[in-house]
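Atoms within each ligand, like the ligands themselves, are counted from 1 in listed order.
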Amino acid sequence: MAGDRYKGAAVSSGCAIGRAVIVKESAPDVSGARFSGAENERRRLDEAAQKYITSTKKLIASLKNDGRFDNAAILEGHLAMLADPFMLRRMKELIGEDSKTAEQAAEEVCSSFSRMFDASGDELTRRRSADVNEIKSSLINYLCGRGEEELFVPEDGCVLVAAEFTPAMTSRLDAKRVRALVGERGGATSHSAIIARSIGIPCVLGIENAASIFKDGETLIVDADSGEVLVSPGGAEAKHYEELAKKHTQSRLLDEKYARLPTVTKGGCVKKVFANIALPADAASAADAGAEGVGLFRTEFLYMDRESPPGEEEQLEAYLSVASAMGGREVIIRTLDAGGDKHIPYLGIPAEENPFMGLRAIRYCLKNTQLFKTQLRAVLRAAAQGNIKLMLPLVCTQGEVIAAKKLVLQCESELEAEGVPFKKGVPLGVMIETPAAVLISDILAGEADFFSIGTNDLTGYIMAADRGSGDVADLYDVQNPAVLRAIKIVIKNAKAAGIEVGMCGEAASLPELVPRLVEWGLDEFSVSPAAVAKTRRAVCGCP
Ligand code: PEP
Ligand code: MG
């Protein structure tokens, strides 16, 4: 009712006003499903699981590209849960033993997992209950023939209210359409809260019966600093909140203005704000967002979700399409960074105790030179027509760079002999994302045309903390003095050698870190397309 106010937990700060849109939990009606024989039910279950896996992997790729690693990690957790041999096996057993339909089997098994997690005394385990419920509804949706296309698209400028925001739902939210989130379940450490914070939407959770108290279309004020939600207040109170919400929106709009401005600090230093992309189609949003170039093209996504690697012509086409979408602006193509958290089954990377320290990235490519050379040839050919540079991931030794350069020279000679047009001497950059590379960055600077600091991996390796592990999340901190010192050393060594140095890890878009990076002399900030304007604003505000 107008004037009412409710208190919940403020989990993502800010203030917003908008019309309530209540998200109804609409579990599909499966009561009519009839058992169609064990073999057929098992096949239906496998197909639904496969559809869910494919669509979630796609979503993970796009989240990673937008720098939303927290979200991606949550969804990767869902895939891991579904991959638990016990889960699908138990569903199939129920189909065989009890003549259950695939829908009933999914419902029963997931619900029993969920009850088990709910009963745990440990917060992290309880959090998994929401995850398993999400897997359940996705499987059942696919079994009923409801897929992604039926996902909820909110109206512009609304406040979304739901009993529970599932990670997949929040992952697909367009921050530009939704002003705030209000939910019944979940707290500051719930996955929805993590996601709301990462996209900067004010969010209040823990309001009992929110989805039935609030009505579609009524005006809600969400003060996600105090944790209050107010229904259509009047007078001075309304004015106060309008001011607060205006400030919040203005700050966002001001960010957007910077999409079209040059990157120059107050002291007149010219810098560059580039974008990270994962798929050729992302280049258009990078250009739209005002990126002055692509600072990191994560090419491994071209290799994923298929049975064999992309050939030279296919890669050439992909690289040229990015170069053309960027209209002559620089494009830095990182060579295949497979392994670690990037699974590409057909590459045959052996299962290792610790894949992050195993055969991955440049290490794999130098052992599989045929595959590597196909990529190098495509890049050299694309560089004949576009403003393209090459970059090597996860370098640890000078020898790795020398070996890669040798292969580039070999590709040049072969292309020349074949009479295929290509560019000679394509600039070659080295990613600095291991402690070893930091410590020999003076030596590597003699081999490279530029550096790009990969703080995502670098932070993990320096702090010996996995970015996906909740238990050591406090250690995975790019602002830890150990990581900051490493960054400073790399920039200093690049400057001393007269080569450009950029940063393509998430830290490049942290407003609180940007002034230091500018002070130390970082030349280029490569961030997700969504963070280009905000990062440029931060750089332009530096002395
Ligand atoms: C990094 O490690 O900082 C980086 C940019 O590479 P990726 O996130 O793709 O591992
Ligand atoms: Mg990396």
Side-chain angles (χ1 to χ4, degrees), residues 57 60-73 76 198 273-279 282 286 291 293-304 331-344 349 354-365 389-396 400 429-438 441 450-469 476-480 483-484 486-487 490-491 501-510 513 517 522 524-532 535:
K57 277 188 177 166
I60 289 172
S62 94
L63 288 168
K64 281 191 172 168
N65 186 51
D66 286 346
R68 293 166 62 181
F69 289 96
D70 287 346
N71 306 22
E76 274 166 349
S198 78
V273 178
F274 282 11
N276 297 342
I277 65 166
L279 292 169
D282 301 332
V294 167
L296 169 65
F297 179 2
R298 291 184 161 103
T299 59
E300 49 281 3
F301 288 98
L302 295 177
Y303 293 71
M304 287 179 182
V331 175
I332 299 177
I333 298 179
R334 174 174 76 182
T335 59
L336 176 64
D337 185 9
D341 58 341
K342 293 153 180 151
H343 306 293
I344 307 178
I349 297 176
N354 188 345
F356 283 87
M357 303 238 178
L359 189 62
R360 55 174 297 206
I362 188 68
R363 304 166 181 190
Y364 177 86
C365 286
K389 293 182 175 176
L390 253 175
M391 183 159 77
L392 308 174
L394 212 83
V395 165
C396 280
E400 288 166 340
V430 165
M431 277 191 80
I432 306 291
E433 49 183 348
T434 64
V438 173
S441 49
F450 63 95
F451 280 165
S452 186
I453 307 174
T455 47
N456 304 340
D457 274 310
L458 185 60
T459 306
Y461 289 124
I462 288 188
M463 299 306 297
D466 182 348
R467 65 180 162 196
S469 161
Y476 183 84
D477 175 16
V478 71
Q479 306 215 47
N480 182 287
V483 186
L484 293 182
I487 295 171
V490 175
I491 299 176
V501 53
M503 180 178 284
C504 57
E506 286 315 291
S509 63
L510 287 181
L513 193 57
L517 298 174
L522 194 80
E524 172 240 294
F525 298 71
S526 193
V527 301
S528 64
V532 166
T535 305

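Against a heavy-atom cut-off of under 4.0 Å, E433 is close to the following atoms of ligand 1: 1 (C), 2 (O), 4 (C), 6 (O). Counting the atoms of ligand 1 from 1 in the order shown, those under 4.0 Å from a heavy atom of D457 are 1 (C), 2 (O), 3 (O), 10 (O). Within ligand 1, the atoms closer than 4.0 Å to a non-hydrogen atom of M431 are 4 (C), 5 (C), 6 (O), numbered from 1 in the order shown. Near G505, meaning under 4.0 Å from one of its heavy atoms, ligand 1 places the atoms 3 (O). Close approach of ligand 1 to C504 (heavy-atom distance below 4.0 Å) involves ligand atoms 5 (C).
D457 contributes atom OD2 as its closest N/O/S atom to the Mg ion (ligand 2). When the N, O or S atoms of E433 are ranked by distance to the Mg ion (ligand 2), OE1 comes first.
Taking the side chain as every heavy atom from C-beta outward, L392 and E400 never approach each other to under 4.5 Å. Counting only heavy atoms from C-beta outward, the side chains of R334 and M431 approach each other to under 4.5 Å. For the pair M503/L517, a side-chain contact is recorded, criterion being any heavy-atom separation below 4.5 Å from C-beta on. A heavy-atom distance below 4.5 Å is found between the side chains of E524 and I332. Using a 4.5 Å heavy-atom threshold, the side chains of I344 and I349 count as separate.
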Less than 3.5 Å apart, which donor and acceptor atoms pair up between the side chains of residues 355-363 and the rest of the protein, not counting sequence neighbours?
from, atom 1, to, atom 2, distance (Å)
R360, NH1, Y461, OH, 2.6
R363, NH1, M357, O, 3.4
R363, NH1, G358, O, 3.0

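Within the 4.0 Å heavy-atom criterion, the part of T455 lying near ligand 1 is the backbone and not the side chain. When heavy-atom distances to ligand 1 are checked against a 4.0 Å cut-off, R360 has no atom that comes that close, whether in backbone or side chain. Contact annotation for R298 and ligand 1: only side-chain heavy atoms (C-beta onward) come within less than 4.0 Å of the ligand.
The nearest non-hydrogen atom to atom 3 (O) of ligand 1, considering only N276, L296, N456, L458, comes from N456.
Residue E300 places no N or O, backbone or side chain, under 3.5 Å from any N or O of ligand 1.
The closest approach between any non-hydrogen atom of E506 and ligand 1 is not below 4.0 Å.
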Evaluation steps, side-chain contact (heavy atoms from CB on, under 4.5 Å), between F450 and M391:
CA-CA 9 Å; F450 63 95; M391 183 159 77; 3.8 Å; yes
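A distance of 6.5 Å separates OG1 in T459 from CD1 in I487, rounded to the nearest 0.5 Å. Atom CG of residue L513 and atom OG1 of residue T535 lie 11.0 Å apart, to the nearest 0.5 angstrom.
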